[in-house]
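Have a look at the structure below, then the notes.
Protein chains get the first letters and strands the later ones, always in sequence-line order, with residue 1 at the start of each.
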Amino acid sequence: MSGIGEGELINLYKKLFEFYGKQNWWPVDYEYHTLYKTDPREEIIIGAILTQNISWRNVEKALENLKKAKALSFEGIGKIPLDKLKELIKSSGFYKQKAVYLKNFVEIFRSIDDLKNISREELLKVKGIGRETADVILLYALDRLSFVVDTYTKRLLIRLWNIEGSYEEIKKLFEENLPKDLEIYKEFHALIDVHCKKFCRKKPVCKDCPIADICSFYSR
DNA sequence: GCCCAGGGCACTG
DNA sequence: CAGTGCCATGGG
């Protein structure tokens with residue numbers, strides 16, 4: 001699948017970090033959680049489900065609605081009626097199934113503590129939790145060394161080095177060639193997304209791209 | 001009006 | 001295991 005090693009990925013990381021700076025993902029409203037004594041990690045998981053194949057802008061509106069309803073927590077999600085939940089998260093698209101996913105999730109896991117010893121395989125059994133969402137939960141909410149792959153990551157690897165692979169293959173590629181460091185895992189995924197939104201879009205914008213010098217697509 | 005966005009499920013071959 | 005249809009809103 002690939003012919004790159006540790007050097008290339010670290011180099012990519014350094015270049016992106018240098019250009020964009022620290023991203024501090026996952027975004028969370030700590031003031032809200034301090035005020036209502038809820039756990040910010042639960043917001044990460046709720047957001048991870050809401051953002052499936054939807055722009056973050058649409059998710060932010062849904063999160064705001066949940067805050068106003070004091071429902072941005074597992075307990076809060078569990079308390080509000082399903083129909084009410086659907087209304088609140090409507091802006092995040094696919095809202096009927098996402099509402100069911102959320103309800104089901106907080107039914108299984110009553111609080112963040114119930115996830116303390118969860119494995120990736122167990123998470124993947126939960127309806128609505130696929131590979132990417134599971135890895136987001138593991139990395140950003142539970143501080144586990146599980147690299148997150150998304151469509152941006154795949155697109156970038158194809159453009160940069162013409163590397164294609166399944167989700168698990170790409171995930172392995174990163175995990176085998178990066179230092180086992182939580183901050184690097186978190187920031188790298190965030191940087192890839194930020195970069196792909198700005199430059200490496202579906203229709204690539206190569207002008208002024210900060211990593212054009214290491215990109216095989218650019219030199220074609 | 002068209003395209004796309006921080007995927008996942010169910011079903012098919 | 002890979003491919004496809006479906007889910008649905010909102011901004012560019």
Side-chain angles (χ1 to χ4, degrees), chain A residues 1 12-13 16-17 20-29 40-66 72 82-106 108-109 120-142 146-159 163-172 174 184-205:
Chain A
M1 175 190 74
L12 170 64
Y13 175 71
L16 292 176
F17 192 95
Y20 295 103
K22 193 163 158 57
Q23 300 301 308
N24 295 309
W25 270 23
W26 194 279
V28 161
D29 186 346
R41 293 173 292 180
E42 296 181 3
E43 177 181 349
I44 295 176
I45 293 172
I46 293 166
I49 291 172
L50 291 180
T51 198
Q52 289 169 355
N53 203 41
I54 273 300
S55 64
W56 186 251
R57 298 184 66 108
N58 287 26
V59 176
E60 285 180 318
K61 293 180 182 173
L63 292 175
E64 280 304 315
N65 289 340
L66 289 174
L72 193 53
L82 182 59
D83 287 338
K84 177 72 176 171
L85 180 57
K86 287 179 183 172
E87 283 303 309
L88 296 176
I89 67 168
K90 200 161 200 166
S91 68
S92 68
F94 314 117
Y95 64 93
K96 293 175 189 169
Q97 35 176 316
K98 284 178 180 175
V100 173
Y101 292 165
L102 286 172
K103 275 288 189 184
N104 178 57
F105 195 91
V106 304
I108 300 173
F109 307 104
R120 187 168 188 262
E121 291 68 32
E122 289 175 292
L123 268 180
L124 288 173
K125 287 180 193 162
V126 180
K127 186 166 291 186
I129 309 300
R131 303 172 201 280
E132 182 181 342
T133 309
D135 288 330
V136 167
I137 292 172
L138 289 168
L139 180 61
Y140 291 102
L142 303 178
S146 193
F147 199 85
V148 180
V149 177
D150 58 5
T151 48
Y152 290 145
T153 313
K154 292 183 177 177
R155 184 199 300 160
L156 185 62
L157 288 193
I158 291 174
R159 296 248 171 91
I163 292 175
E164 276 188 272
S166 68
Y167 186 100
E168 301 298 337
E169 287 170 337
I170 304 287
K171 178 181 173 65
K172 251 182 92 176
F174 279 86
I184 293 180
Y185 275 43
K186 291 182 181 180
E187 289 302 317
F188 206 169
H189 171 68
L191 286 164
I192 288 171
D193 282 26
V194 169
H195 175 68
C196 287
K197 277 180 193 166
K198 229 177 154 55
F199 292 100
C200 211
R201 307 159 70 98
K202 206 161 197 175
K203 274 181 71 109
V205 181

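Listed pair A:R155 / B:dA5 meets the phosphate criterion, a side-chain N or O lying under 4.0 Å from OP1 or OP2. Remark: A:T51 is not in phosphate contact with B:dA5, judged by side-chain N or O atoms under 4.0 Å from OP1 or OP2. Phosphate proximity of B:dG7 to A:T151: present, with a side-chain N or O under 4.0 Å from OP1 or OP2.
Here B:dA5 presents its C1' atom at 11 Å from CG of A:D150, a figure rounded to the nearest Å. Distance, A:L102 CG to B:dG8 P: 14 Å, rounded to whole Å. Rounded to whole Å, the distance from CG on A:L124 to P on B:dG8 is 9 Å. Per the geometry, CZ belonging to A:R57 stands 16 Å off C1' belonging to B:dC3, to the nearest Å. In this structure, A:E64 places its CD atom 16 Å from C1' of C:dG10, rounding to the nearest Å. B:dC4 atom P lies 9 Å from atom NZ of A:K203, rounded to whole Å. Atoms CG (A:L123) and C1' (B:dG7) sit 15 Å apart, rounded to a whole Å. Separating the CG atom of A:D135 from the P atom of B:dG7 is a distance of 13 Å, rounded to the nearest angstrom.
For the pair A:L12 and A:L156, the minimum side-chain heavy-atom distance is below 4.5 Å. Side-chain contact between A:Y167 and A:D135: present, with at least one pair of heavy atoms (C-beta onward) separated by less than 4.5 Å. No side-chain heavy atom of A:V149 sits less than 4.5 Å from a side-chain heavy atom of A:R131. Considering only heavy atoms from C-beta on, A:I46 comes within 4.5 Å of A:L50 through its side chain.
No contact: A:R201 has no heavy atom under 4.0 Å from any strand. Residue contacts shown for A:I49 are absent, as no nucleic acid heavy atom lies under 4.0 Å away.
Considering only side-chain atoms of A:K202, the nucleotide from B:dG7, C:dG12, B:dC4 that sits closest is B:dC4. Looking at the side chain of A:N58, the nearest of the listed nucleotides B:dG8, C:dG10, B:dA5 is C:dG10. The listed nucleotides are B:dA10, C:dG10, B:dA5; the one nearest the side chain of A:Y152 is B:dA5. The side chain of A:S91 has C:dG10 as its nearest neighbour among C:dG10, B:dG7, C:dG12.
The nucleotide B:dG1 finds no pairing partner, because no Watson-Crick or G-U wobble arrangement with both distances shorter than 3.5 Å includes it.
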So which protein nitrogen or oxygen atoms get under 3.5 Å of nucleotides 6-8 of chain C's nitrogens or oxygens?
unit_1: C:dC7; atom_1: O2; unit_2: A:Q97; atom_2: NE2; d: 2.9
unit_1: C:dA8; atom_1: OP1; unit_2: A:K96; atom_2: N; d: 3.0
unit_1: C:dA8; atom_1: OP1; unit_2: A:Q97; atom_2: N; d: 3.4
unit_1: C:dA8; atom_1: O4'; unit_2: A:F94; atom_2: N; d: 3.2

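Separation of the A:F105 and A:F109 ring centroids falls under the 6.0 Å cut-off.
Residues A:T153 and A:K171 have side chains that never bring a donor and an acceptor to within less than 3.5 angstrom of each other.
Between A:I54 atom CD1 and A:S92 atom OG the span is 7.0 Å, to the nearest 0.5 Å.
Across every non-hydrogen atom of A:L63 and A:L72, the tightest pair is CD2-CD1, 3.7 Å.
Across the interface with DNA chain B, nearest-nucleotide mapping of A:W56 and A:V126 shows A:W56 to be the residue nearer the 5′ end.
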